[in-house]
Amino acid sequence: MSAPMFRAQAVHVTTPATSANLGPGFDAFALALSLRDDLIVQVTDEPGLVVDVAGEGAGVVRTDEKNLVVRAMRAAFKVLGGQPRGLAVVCANHIPHGRGLGSSAAAIVSGLSAARWLTVGGEDRLPDAAMLALATSIEGHPDNVAAALGGRFSLAWTGSTGSVRALSLPVVPGIVPVIFVPQTQVATAKARRLLPATVPHADAALNAGRSALLVTALTVDPSLLFDATEDRLHQSYRAPAMPRSATLVAKLRAAGAAATISGAGPSVLALTRPSEVERVVAMAPTSFAVHVLEVDGGVLSEPYRP
């Protein structure tokens with residue numbers, strides 16, 4: 001592969017938050033949400049790296065080569081044939097970190113998308129399937145990155161040959177995602193350590209059926225959402241790490257709302273109808289921030305125009 005050429009124009013990338021699992025679809029389902037991180041990157045003649053972070057994670061997130069956006073860009077540039085001389089990176093983060101809303105997936109997808117756009121012929125050198133595979137290799141699982149890339153309702157899986165694949169399906173109009181975000185964080189690794197090595201056969205069978213039902217609920221018949229979001233594989237095992245979130249899920253479901261833990265938590269997702277939003281929002285404890293969102297599309301990259 002010949003050495004790449006880079007665009008002088010800066011790129012503006014916006015990437016959605018994502019809510020994974022959606023109850024029964026553990027490590028397979030995710031929904032793209034209308035809460036987006038913004039990234040501006042320019043290739044510079046001055047060698048080196050300059051990173052500025054504003055919003056979520058400002059003052060905490062690394063601003064060197066270990067920054068996750070930068071790591072993703074470096075991985076993409078390596079595949080694309082070579083690293084640029086210098087980079088100026090501005091991250092304006094709106095997705096809460098450590099809350100189960102796909103902030104790491106957004107960072108990875110933002111970085112990969114920026115690198116591809118900045119490289120002349122980048123889409124040919126790094127096509128969509130390769131983007132998904134590279135994003136998954138960095139993130140460790142495909143659900144959030146698939147939704148961040150493709151938007152809408154995403155189903156991701158590993159094929160028989162080991163390749164990562166995903167589908168992006170349209171969501172039936174009239175489903176309103178409401179996110180309840182607590183002040184505390186839970187690390188994904190910690191949440192995963194709480195999961196058992198085996199689960200009862202009956203629980204696995206229930207989740208398989210509910211997962212199939214959830215596809216229909218989201219794409220055809222939202223009246224099925226409450227039953228379709230039932231889960232027995234992961235949420236109860238993770239509850240000790242997020243007791244307030246587990247209590248809120250139980251409260252919402254007792255009131256008939258299709259509520260789940262968002263990803264690894266501790267945020268809570270309720271999939272509501274427009275007529276239910278006010279009632280559902282009113283059930284939030286004061287310690288939770290509430291966002292009434294929309295199902296969104298995937299990552300967008302365009303020339304940056306100040």
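In what follows, every heavy atom counts, from backbone to side chain, and hydrogens, waters and symmetry copies are set aside.
Note that CD1 of Ile108 is 11.5 Å distant from OG of Ser113, once rounded to the nearest 0.5 Å. If you take OG on Ser110 and CG on Asn93, they are separated by 8.5 Å, rounding to the nearest 0.5 Å. Taken to the nearest 0.5 Å, the CG atom of Leu293 stands 11.5 Å off from the CZ atom of Arg36.
Under a 3.5 Å cut-off, the side chain of Ser34 and the backbone N or O of Asp296 do not form any donor-acceptor pair. At least one donor-acceptor pair closer than 3.5 Å links the side chain of Arg152 to the backbone N or O of Ser168. Arg125 places no side-chain N or O within donor-acceptor distance of the main-chain N or O of Val79, the cut-off being under 3.5 Å. A donor-acceptor pair under 3.5 Å links the side-chain atoms of Thr272 to the main chain of Val176, judged by distance alone. One N or O on the side chain of Asp37 and one on the backbone of Ile95 form a donor-acceptor pair closer than 3.5 Å. A donor-acceptor pair under 3.5 Å is absent between the side-chain atoms of His234 and the main chain of Pro24, judged by distance alone.
Considering only heavy atoms from C-beta on, Ile179 stays 4.5 Å or farther from Arg99 through its side chain. Taking the side chain as every heavy atom from C-beta outward, Thr260 and Asp231 never approach each other to under 4.5 Å. Put simply, the side chain of Met73 reaches to within 4.5 Å of the side chain of Val69, judged on heavy atoms. With a 4.5 Å cut-off on side-chain heavy atoms, Leu218 and Leu169 do not count as touching. Side-chain contact check for Val120 versus Arg7: some heavy-atom pair is nearer than 4.5 Å. When side chains are defined from C-beta on, Pro182 does not count as touching Arg244, because their heavy atoms never get closer than 4.5 Å.
Each of Asp52, Val41, Val50 was evaluated against Val90; a single residue qualifies, Asp52, per the side-chain contact (heavy atoms from CB on, under 4.5 Å) test.
Residues Leu49 and Val13 share a single hydrophobic cluster, defined by chaining ILVMFWY side chains whose heavy atoms lie under 4.5 Å apart. Cluster membership check: Leu271 does not share its hydrophobic cluster with Val280, using side-chain heavy-atom separations under 4.5 Å among Ile, Leu, Val, Met, Phe, Trp and Tyr.
In this structure, Tyr237 shares a hydrophobic cluster with Phe26, Leu195, Val199, Leu233, the cluster being traced through Ile, Leu, Val, Met, Phe, Trp and Tyr side chains under 4.5 angstrom apart.
Screening residues 49-103 for ring-ring contact (aromatic ring centres under 6.0 Å, His included) gives Phe6-Phe77 as the qualifying pairs, with residues at least two apart or on separate chains.
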Item to check | Candidate pair Gln9 and Trp117, rule side chain to side chain contact (heavy atoms under 4.5 Å, CB included), full reasoning | outcome: CA-CA 10 Å; Gln9 172 74 53; Trp117 191 94; 3.8 Å; yes
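At a threshold of 4.0 Å, the pair Arg116-Asp128 counts as salt-bridged, since one of the basic side-chain nitrogens sits closer than that to a carboxylate oxygen.
At a cut-off of 3.5 Å, with distance as the only test, no side-chain donor of Arg238 or Ser245 sits close to an acceptor on the other residue. A side-chain donor-acceptor contact under 3.5 Å links Ser104 and Glu139.
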